[in-house]
Amino acid sequence: MAKYFLIESRSSFDSTQVTQNYQLASDLANAGNETTLFLVENGVLAARATAANGVATLNTVNILADDFSLRERGISETELDNGVKVASIAAVVDAMAEGQKTIWL
């Protein structure tokens with residue numbers, strides 16, 4: 001079992017590629033890999049519980065939302081979809097230090 005740490009900075013409103021990136025995360029997790037999706041910059045918009053094309057369908061993926069990006073966009077922790085955890089950018093460094101396969105999508 002491999003460990004993947006995917007970083008998404010775009011929202012589905014910015015690019016149609018984001019939906020494909022979510023599918024990649026889901027496929028990796030469903031194949032038995034430990035998969036984390038880290039949302040940063042406009043990527044955190046998908047973390048809201050009310051977001052269309054959000055991350056709600058990614059049940060088998062660990063989802064982290066960057067705390068700074070959330071604050072900059074006025075999104076509070078109470079607005080996040082269930083299962084989304086708030087994390088700092090240090091999570092990226094930690095994943096890399098652990099040897100996780102880190103991919104900026």
Output all residues satisfying side-chain contact (heavy atoms from CB on, under 4.5 Å) with Ser69, sequence neighbours left out; order by chain, then residue number. Val40, Val44, Asp66, Arg73

Partner residues of Arg71 under the side-chain contact (heavy atoms from CB on, under 4.5 Å) criterion, sequence neighbours left out: Asp67, Phe68

Give me each pair satisfying salt bridge (Lys or Arg N to Asp or Glu O under 4.0 Å) with a member in residues 6-16, each pair once, sequence neighbours excluded. Glu8-Arg10

Quick one: salt bridge (Lys or Arg N to Asp or Glu O under 4.0 Å) pairs with a partner in residues 31-58, sequence neighbours left out? none

Give the table of side-chain donor-acceptor pairs shorter than 3.5 Å for residues 56-63, with sequence neighbours excluded, one pair per line with atom names and distance.
residue	atom	partner	partner atom	Å
Thr60	OG1	Asn30	OD1	3.2

Checking Asn42 side chain against Ser9 main chain: does a donor-acceptor pair fall under 3.5 Å? no

Side-chain donor or acceptor of Thr35 paired with backbone N/O of Asn33 under 3.5 Å: yes

Restricting to side-chain hydrogen bond (donor to acceptor under 3.5 Å, both in side chains), what partner residues turn up for Ser76, sequence neighbours left out? Thr78, Glu79

In chain order, what residues pass the side-chain hydrogen bond (donor to acceptor under 3.5 Å, both in side chains) check against Glu77, with sequence neighbours excluded? none

If you define the side chain from C-beta out and look only at heavy atoms, does anything of [X] sit under 4.5 Å from [Y]?
X     : Y     : result
Leu6  : Leu28 : yes
Leu37 : Tyr22 : yes
Leu64 : Leu39 : no

Atom pairs and distances, side-chain donor-acceptor, residues 92-105, under 3.5 Å, sequence neighbours left out:
residue	atom	partner	partner atom	Å
Glu98	OE1	Gln100	NE2	2.9
Thr102	OG1	Gln100	O	3.2

Treat each ILVMFWY residue as a node, draw an edge where side-chain heavy atoms are under 4.5 Å apart, and state whether Ile75 and Val18 are in one component. yes

What is the minimum heavy-atom distance between Leu45 and Ala51, and which atoms define it? O-CB, 3.5 Å

Could you state the interatomic distance from CD (Gln20) to CD (Gln23), rounded to the nearest 0.5 Å? 9.5 Å

